[in-house]
Amino acid sequence: MKQLVSNLTKNFQVDLDASINSGQVFLWKKINSKWYGIDGENVLVLEKNSKFDQSEKTLFNFFRLDDDFKKISYELKKDKIVRKAIELNPNLRLLRQNPFQCYISFIVSSNSNISNIQMSLHKLCKKFGKKVIIDGFDLFLFPKPNVIAKASITEIQKCGLGYRSKSVKSASLSVMNGEIDFEHLKKLDYYNAKRELTKISGIGNKVADCIMLFSLEKLEAFPLDRWMLRILQKYYTKEFKISTKTITEKTHENLHDRIVQHFGCQAGYAQQFLFKMERELHKKKWL
DNA sequence: ACCTGACCTCGTCT
DNA sequence: AAGACGAGGTCAG
């Protein structure tokens with residue numbers, strides 16, 4: 001196992017810019033060609049083509065080097081559009097995030113946009129997270145559940161979360177009282193994990209899928225946001241025939257089943273490549 | 001079951 | 001310059 005880890009990190013082939021800039025993570029900053037990222041209580045510092053400061057195990061996990069990407073990519077490329085999307089960003093990777101941070105981040109993301117999400121989460125860290133100094137920079141770790149849970153809604157609101165503040169606090173309380181247990185959710189199957197997550201105020205289908213895909217090992221999760229629906233309408237009219245902008249609960253479940261049938265049980269990977277491709281078409285700069 | 005509108009906040013466009 | 005619009009949704013009615 002240790003040997004395997006060494007081999008994989010030695011051949012570390014991840015496009016950091018593409019992966020970080022693909023809507024998965026929000027607390028990364030590039031300073032002097034070095035990336036600094038907050039993942040829960042860890043700070044990841046990454047520089048292209050250089051030795052990494054982190055333990056190999058941390059990197060191995062975060063970049064999902066345990067996935068057999070060659071095999072996954074081979075399977076995904078059976079779909080022509082996904083093939084093209086992978087060719088455009090061959091070293092884009094799914095990231096395995098700290099579950100609590102991911103959970104709060106996507107509750108904050110709803111009906112918002114990237115820059116607002118980044119700003120809100122940064123403020124949340126600055127206000128409630130522990131400060132660490134790395135390379136002379138002040139960085140703030142993601143707050144622990146108990147800190148947000150006991151904060152007042154007014155205090156949380158000062159981070160610019162608006163009406164989401166209430167959900168962020170109660171979602172943190174749910175973690176504290178054990179109603180949400182990430183390790184347990186990892187063990188559940190997709191549908192049961194989703195049922196548990198959507199009980200939480202502020203978590204609907206899309207947010208639940210993001211949390212499951214990015215932090216709970218549910219690779220069949222396929223977040224259906226406006227962009228994805230547009231993509232399905234644009235490239236997959238025959239396969240999925242999406243008509244409306246918003247989809248109903250029933251349609252959603254049915255659509256997800258067909259998506260997994262079409263893209264396979266690693267559909268979440270396909271989603272990430274498709275999403276990245278389409279966003280780049282629109283030449284949006286995120287960072 | 002499906003449909004509609006309101007919702008914090010911030011940047012952009014008129 | 002002030003007001004409308006919409007942004008990686010969710011929820012109530």
Side-chain angles (χ1 to χ4, degrees), chain A residues 18-28 85 89 92 94-95 97 101-124 126-127 151-171 174 180 194-215 221-235 242-256 259 267-287:
Chain A
S19 305
I20 289 164
N21 247 324
S22 64
Q24 302 182 67
V25 290
F26 305 99
L27 290 170
W28 285 73
N89 287 285
L92 165 65
L94 217 47
L95 307 173
Q97 304 180 36
Q101 178 173 333
C102 188
Y103 169 79
I104 297 298
S105 297
F106 284 94
I107 290 173
V108 168
S109 80
S110 84
N111 193 29
S112 187
N113 57 55
I114 301 285
S115 58
N116 281 349
I117 300 164
Q118 288 171 335
M119 202 168 9
S120 298
L121 292 174
H122 174 70
K123 287 181 183 169
L124 208 57
K126 196 163 180 180
K127 194 167 178 58
S152 73
I153 291 179
T154 317
E155 287 300 297
I156 297 173
Q157 227 151 9
K158 287 181 183 165
C159 300
L161 307 195
Y163 63 86
R164 304 171 194 80
S165 307
K166 195 168 161 257
S167 304
V168 164
K169 181 179 166 78
S170 73
S174 298
I180 288 292
K194 186 167 205 169
R195 190 171 307 122
E196 294 303 312
L197 281 171
T198 49
K199 283 178 187 167
I200 302 301
S201 155
I203 302 185
N205 279 312
K206 189 269 176 180
V207 170
D209 276 327
C210 287
I211 298 166
M212 291 194 289
L213 177 60
F214 301 140
S215 72
F222 194 99
L224 286 164
D225 56 21
R226 277 177 144 85
W227 284 93
M228 266 306 141
L229 291 176
R230 256 175 246 165
I231 290 167
L232 295 182
Q233 286 182 81
K234 182 172 169 184
Y235 303 105
I242 313 285
S243 49
T244 49
K245 280 188 289 192
T246 51
I247 50 179
T248 63
E249 189 60 30
K250 193 73 183 259
T251 318
H252 192 284
E253 197 170 317
N254 179 279
L255 181 57
H256 178 262
I259 282 171
Y269 260 103
Q271 183 269 355
Q272 204 57 32
F273 285 99
L274 290 170
F275 185 75
K276 178 70 177 170
M277 172 176 75
E278 203 64 8
R279 289 299 302 235
E280 293 212 320
L281 269 181
H282 288 254
K283 310 228 187 237
K284 288 274 183 189
K285 272 198 219 158
W286 294 350
L287 291 177

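Being a predicted model, the structure only gives us computed values, none of them experimental.
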Per nearest nucleotide of DNA chain C, the residue lying toward the 5' end, A:R230 or A:N205, is A:R230

note: A:K199, atom NZ; C:dT10, atom P; distance rounded to Å ~ 17 Å

Between the main-chain N or O of A:S22 and the side-chain N or O of A:Q272, is there a donor-acceptor pair closer than 3.5 Å?
yes

* Quick check: are there more than 12 heavy atoms from other residues, nucleotides or ligands sitting under 6.0 Å from NZ of A:K166? -> no

Open item on the list: Would you say the ring centers of A:F222 and A:F275 fall short of 6.0 Å from each other?
Closed with: no

With side-chain contact (heavy atoms from CB on, under 4.5 Å) as the criterion, how do A:D209 and A:K194 come out once you've worked through the C-alpha distance, each side chain's angles and the decisive distance to 0.1 Å?
CA-CA 7 Å; A:D209 276 327; A:K194 186 167 205 169; 3.2 Å; yes

Please determine whether any donor N or O and acceptor N or O are separated by less than 3.5 Å between the side chain of A:N116 and the base of B:dT9. yes

Picking from C:dA7, B:dG11, C:dG9, the nucleotide nearest the side-chain atoms of A:D225 would be C:dG9

By nearest-heavy-atom nucleotide on DNA chain C, the more 5' of A:I200 and A:N113 is A:N113

Between CG of A:L229 and C1' of C:dA7 the distance, given in whole Å, is 15 Å

A:I153 CD1 to B:dT9 P, in whole Å, measures 13 Å

Separation of B:dC2 atom P from A:E253 atom CD, nearest Å, is 11 Å

Of the listed C:dG6, B:dC7, C:dT10, the closest approach to the A:V207 side chain comes from C:dT10

*asked:* Base, sugar-phosphate or nothing for A:K206? Non-hydrogen atoms, less than 4.0 Å.
replied: base

Whole-Å distance, A:I117 CD1 to C:dT10 P, equals 12 Å

(Q) Students often get this wrong, so: under 4.0 angstrom with heavy atoms, is A:S201 touching a base, only sugar-phosphate, or nothing? (A) sugar-phosphate

Is there a side-chain contact between A:R226 and the phosphate of C:dA7, meaning an N or O under 4.0 Å from OP1 or OP2? yes

Of the listed B:dG11, C:dG9, B:dT9, the closest approach to the A:S110 side chain comes from C:dG9

To the nearest angstrom, the CG-P distance between A:L161 and B:dC7 comes to 18 Å

When rounded to whole Å, the OH to C1' distance for the pair A:Y163 and C:dT10 reads 7 Å

Mate of B:dA1 across any strand shown (Watson-Crick or G-U wobble, both atom pairs under 3.5 Å) is none

Fill in: Note: A:K250-A:E253 ion pair, threshold 4.0 Å (strictly below)
no

Say we look at C:dA4 and B:dA6: how far apart would their P atoms be, to the nearest angstrom? 13 Å

**OP:** Would you mind classifying the nucleic acid contact of A:I156 as base, sugar-phosphate or nothing, using non-hydrogen atoms under 4.0 angstrom?
**Re:** nothing

Run the side-chain contact (heavy atoms from CB on, under 4.5 Å) check on A:Q101 and A:S215 step by step: do they pass? CA-CA 9 Å; A:Q101 178 173 333; A:S215 72; over 6 Å; no

A:I211 atom CD1 is separated from C:dG9 atom C1', nearest whole Å, by 12 Å

Contact class for A:I203 (heavy atom, under 4.0 Å): base, sugar-phosphate, or nothing?
-> sugar-phosphate

The Watson-Crick or G-U wobble partner of B:dT12, with both key distances under 3.5 Å, is C:dA4

